[in-house]
Amino acid sequence: MPREKEVKTILNKSKRRDPWFLDDYTVNLYSGCSFNCLFCYIRGSKYGQHMERSLSVKSNALELLERQLSNRAKKGQYGIIALSSATDPYLHAERDFRFTRQALEIILKYRFPVHILTRSDLVLRDLDLIQAIDEAAILPEEIRKPLSRGAIVTFSFSTVDDAVARIFEPGATPPSQRLQAMSQTKDSGLLTGVSMMPMLPWISDTTQSLNEMLSAFQSCKVDYVLPATLTLFGSGPSDSRTLVMRAIGKHYPDLVSRYEQYFAEAGCVPDFYQKAFDLKMKELLAAYGLRSSILNFSEK
Ligand code: SF4
């Protein structure tokens, strides 16, 4: 069971709208994340090696959200709320706590737009509420034309191979099930897309794997795909670089020297890789007829 803790604030205003995910605000109802992805950027000594053990629920979150959104709405400070930026809104604990569902009810009441980011199929439980937000939300004026929707649902994938996901995203819904959830979400009429993050060099970034992924996303008729490369942090026992390197040593021993070359010092892929990746993704997305932005600039 997650611990409970009180926080001082729950609605965090970003300095500027995120150019990819479009959020003006972030809300994280849980602290830590039981999906325990090895590459997760929130890893580190704060949460330890097994993040599910340090998971806590912010017990006063809903009360704070009600107050903070009411104040922002009175001032007309509408903006897109990302749920969530530093945890998943649909953790296993959410089945019992229902904090995300209650937060969505408050978001609907104050008519804020929302962007759900998840690696779980539990989002299906709340499609009714997300659809209601989609219709009722008040969008910031400057984004109304290219967005014109009050709710966005993004599913994150580092792979569509269930066996690979068991290694790198052990607690998340298996990709095969996540794809079905994504398809249902899209069929429900919501603006639905993919955060293809992070692509694992020589594992999920191969031409074969990218084609499998994009073909699966195309079959779900997603509205957009946001691809990104892998970045690793830290060298402590619970840091993402340590855990990913250990997994590579165990499951992909042939890749150890290549991963060391890329990530031992810099933590991110070299420039030439990034450029080649960007070009490859641009070509592949065009070939599959998929857009690389949530915003649709062709909307009149
Ligand atoms: S689902 Fe997201 S927040 Fe949770 S462990 Fe994975 S990458 Fe981190």
Side-chain angles (χ1 to χ4, degrees), residues 2-3 10 12 14 18 20-21 23 26-58 61 81-95 97 99-100 103 114-126 152-162 164-179 181-182 185 193-200 203-204 213 226-234 236-247 263 267-268:
R3 281 178 300 220
I10 196 71
N12 300 299
S14 315
D18 186 277
W20 277 40
F21 296 107
D23 50 280
T26 57
V27 167
N28 293 289
L29 302 162
Y30 297 92
S31 176
C33 183
S34 55
F35 287 172
N36 219 16
C37 305
L38 303 189
F39 46 72
C40 181
Y41 80 99
I42 68 163
R43 285 192 161 283
S45 53
K46 187 172 163 198
Y47 296 118
Q49 226 176 98
H50 302 283
M51 291 200 289
E52 69 275 24
R53 289 185 203 152
S54 55
L55 180 70
S56 47
V57 55
K58 299 177 182 174
I81 301 173
L83 252 182
S84 296
S85 60
T87 184
D88 196 291
Y90 290 104
L91 298 174
H92 308 293
E94 170 60 18
R95 285 182 202 279
F97 278 92
F99 264 39
T100 296
V114 74
H115 185 178
I116 309 277
L117 294 143
T118 188
R119 291 182 198 266
S120 168
D121 61 351
L122 184 55
V123 62
L124 294 177
R125 181 198 67 187
D126 293 343
I152 310 165
V153 185
T154 298
F155 289 82
S156 303
F157 291 84
S158 63
T159 175
V160 287
D161 183 325
D162 285 357
V164 176
R166 271 196 295 277
I167 299 170
F168 293 99
E169 322 174 336
T173 299
S176 52
Q177 245 171 280
R178 219 179 300 164
L179 283 168
M182 185 160 74
T185 304
V194 176
S195 142
M196 219 173 152
M197 301 183 191
M199 288 298 90
L200 305 160
I203 299 169
S204 55
M213 293 182 83
L226 311 173
T229 51
L230 176 66
T231 302
L232 297 174
F233 299 96
S238 50
D239 288 328
S240 59
R241 180 167 23 204
T242 310
L243 297 176
V244 168
M245 293 306 287
R246 190 185 301 155
F263 299 106
C268 55

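Each residue takes its place number in the sequence, starting with 1. Counting starts at 1 for both ligands and their atoms, in listed order.
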Would you find a donor on one side and an acceptor on the other, under 3.5 Å apart, between the side chain of T242 and the backbone of S238?
-> no
Evaluate the ring planes of Y30 and F97, with Trp represented by its six-membered ring, and classify them as parallel (under 30°), tilted (30 to 60°) or perpendicular (over 60°).
-> perpendicular
Is atom 8 (Fe) of ligand 1 under 2.8 Å from any N, O or S atom of C33?
-> no
Would you kindly say whether N28 and T87 are connected by a side-chain donor-acceptor distance under 3.5 Å?
-> no
May I ask you to list the atoms of ligand 1 that are less than 4.0 angstrom from any heavy atom of R119?
-> 1 (S), 6 (Fe), 7 (S)
Against heavy atoms of C40, which atoms of ligand 1 measure under 4.0 Å?
-> 3 (S), 5 (S), 7 (S), 8 (Fe)
Please name all residues satisfying side chain to side chain contact (heavy atoms under 4.5 Å, CB included) with S156, sequence neighbours left out, ordered by chain then number.
-> R119, S195
Taking only heavy atoms of F35 into account, list the atoms of ligand 1 that are under 4.0 Å away from them.
-> 1 (S)
Contacts of T173 meeting side chain to side chain donor-acceptor pair (under 3.5 Å) (sequence neighbours excluded), chain-then-number -> D121
Under 4.0 Å to a heavy atom of N36 - the qualifying atoms of ligand 1, by number | 5 (S)
Has E169 got any heavy atom lying under 4.0 angstrom from an atom of ligand 1?
-> no
